[in-house]
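One is the number of the first residue; the rest follow in order along the sequence.
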Amino acid sequence: MSADSPTTIPSLTYARFEAIAPDGLGALLAMGKAVDAAGLEKTLTELVKLRVSQINGCAFCIALHLRVARRAGVENVRLDMLTAWRDTDLYTARERAALQWAEHVTRFPTAPVAAAAQAEIAANFSEQEITHLTVAIANINAWNRIAGALHFPPMPEG
């Protein structure tokens with residue numbers, strides 16, 4: 001491609017990404033498995049992954065984590081109200097602290113993590129849990145950036 005040729009951003013499917021970057025995919029999946037093995041509640045981690053994906057506008061990840069959250073037993077009303085979690089009593093104190101932490105960590109590049117968020121997460125999670133939760137947030141942010149930038153279409157239900 002010449003320097004004068006316009007470049008286009010590819011639109012990849014998940015399967016195509018897997019074929020092109022199997023090691024990168026493996027690393028991302030390994031991070032997710034490590035978080036799952038750490039013992040955090042699946043419903044909590046799925047709410048966090050979904051909320052981060054909403055913030056980042058990743059259609060692929062939103063669709064995926066809605067399905068996973070439903071299979072994990074998260075009620076539809078809690079999924080429907082997730083963008084307004086602060087304005088409802090549908091979420092436990094622990095979930096609220098995790099959602100607040102997820103929002104702060106996701107927005108960290110442009111806004112420092114507030115002391116109140118640090119205090120709230122510390123009041124509801126152990127040091128080990130905070131570390132694993134932060135890894136989960138970093139992992140979904142990486143997925144959002146990959147799937148969003150490469151325009152992964154949402155996978156069909158199945």
Side-chain angles (χ1 to χ4, degrees), residues 14 17-18 21 23-158:
Y14 177 87
F17 174 71
E18 181 178 25
D23 292 341
L25 174 63
L28 290 164
L29 293 175
M31 281 181 76
K33 288 179 183 176
V35 170
D36 287 343
L40 290 170
E41 307 95 298
K42 186 69 171 168
T43 55
L44 180 131
T45 58
E46 288 306 316
L47 286 171
V48 164
K49 291 174 188 178
L50 181 56
R51 181 65 190 124
V52 170
S53 297
Q54 290 171 338
I55 292 166
N56 290 325
C58 181
F60 174 85
C61 294
I62 290 169
L64 174 67
H65 291 290
L66 277 169
R67 284 194 302 275
V68 175
R70 285 186 186 109
R71 284 195 300 258
V74 179
E75 301 87 358
N76 282 337
V77 67
R78 289 167 28 87
L79 297 173
D80 294 342
M81 295 302 296
L82 189 57
T83 59
W85 66 267
R86 286 180 179 84
D87 299 323
T88 178
D89 61 359
L90 293 171
Y91 306 93
T92 66
R94 191 168 159 89
E95 289 168 339
R96 295 170 76 75
L99 291 167
Q100 178 177 241
W101 186 249
E103 290 182 1
H104 280 280
V105 171
T106 297
R107 294 182 175 123
F108 180 75
T110 58
V113 176
Q118 292 173 340
E120 193 66 27
I121 199 73
N124 286 279
F125 291 85
S126 69
E127 180 182 51
Q128 182 177 358
E129 290 174 321
I130 293 167
T131 301
H132 290 295
L133 181 61
T134 305
V135 169
I137 295 163
N139 191 31
I140 192 61
N141 270 290
W143 270 113
N144 291 167
R145 279 144 181 80
I146 293 166
L150 298 177
H151 306 286
F152 285 17
M155 289 194 289
E157 295 271 342

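- The side chain to side chain contact (heavy atoms under 4.5 Å, CB included) check on Thr43 picks up Glu41, Ala72, Val74, with sequence neighbours excluded.
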* Stepwise side chain to side chain contact (heavy atoms under 4.5 Å, CB included) test for Tyr14 and Met155 -> CA-CA 8 Å; Tyr14 177 87; Met155 289 194 289; 4.3 Å; yes
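- Nearest approach of Phe60 to Pro153, heavy atoms of both residues: CD1-O, 3.2 Å.
- In this structure, CD1 on Ile146 lies 7.5 Å from CG on Leu150, to the nearest 0.5 angstrom.
- From Arg71, atom CZ reaches atom CG of Leu66 across 11.0 Å, with rounding to the nearest 0.5 Å.
- Residue pairs meeting the salt bridge (Lys or Arg N to Asp or Glu O under 4.0 Å) criterion with at least one member in residues 141-155, sequence neighbours excluded, do not occur.
- Under the ring-ring contact (aromatic ring centres under 6.0 Å, His included) criterion, Phe17 pairs with Phe152, not counting sequence neighbours.
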* Asked: Could you go step by step and tell me if Gln118 and Val113 meet the side chain to side chain contact (heavy atoms under 4.5 Å, CB included) rule?
  -> CA-CA 7 Å; Gln118 292 173 340; Val113 176; 3.8 Å; yes
* Asked: For Thr92 and Leu44, what are the C-alpha separation, side-chain angles and deciding distance, and is it a side chain to side chain contact (heavy atoms under 4.5 Å, CB included)?
  -> CA-CA 10 Å; Thr92 66; Leu44 180 131; 5.7 Å; no
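- Of all non-hydrogen atoms in His104 and Ala117, the two that sit nearest each other are CD2-CB, 3.4 Å.
- Once rounded to the nearest 0.5 Å, the distance linking CG of Asp87 with CE of Met81 reads 7.5 Å.
- Between Pro154 and Leu64, every side-chain heavy-atom pair lies at or beyond the 4.5 Å cut-off.
- Arg86 has its side chain within reach of Glu103: a pair of non-hydrogen atoms, C-beta onward, lies under 4.5 Å apart.
- Val48 places a side-chain heavy atom less than 4.5 Å from the side chain of Ile137.
- Note that the OG atom of Ser53 and the CG atom of Asn144 stand 4.0 Å from one another [nearest 0.5 Å].
- Minimum interatomic distance between Ala98 and Leu133 (heavy atoms only, all atoms of both residues): CB-CD2, 3.8 Å.
- A donor-acceptor contact shorter than 3.5 Å is absent between the side chain of Thr88 and the backbone of Trp85.
- Within the structure, salt bridge (Lys or Arg N to Asp or Glu O under 4.0 Å) pairs that include any residue of residues 124-134 comprise Arg94-Glu129 (at least two apart or interchain).
- The two residues Thr106 and Ala102 have their closest heavy-atom pair at OG1-O, 2.7 Å.
- For the atom pair Asp89 CG and Arg96 CZ, the distance stands at 8.0 Å (nearest 0.5 Å).
- In this structure a side-chain-to-backbone donor-acceptor pair under 3.5 Å is present from Tyr91 to Leu82.
- With sequence neighbours excluded, the residues forming a side chain to side chain contact (heavy atoms under 4.5 Å, CB included) with Asn139 are Leu28, Met31, Trp143, listed by chain and number.
- Considering every non-hydrogen atom in both Ala97 and Phe125, the closest pair reads CB-CE1, 4.2 Å.
- Identified under the salt bridge (Lys or Arg N to Asp or Glu O under 4.0 Å) test for residues 74-85, with sequence neighbours left out: Glu75-Arg78, Arg78-Glu95.
- Of all heavy-atom pairs between Lys49 and Lys42, the closest is NZ-NZ, 4.3 Å.
- Interatomic distance, Gln128 CD to Leu40 CG, rounded to the nearest 0.5 Å: 8.5 Å.
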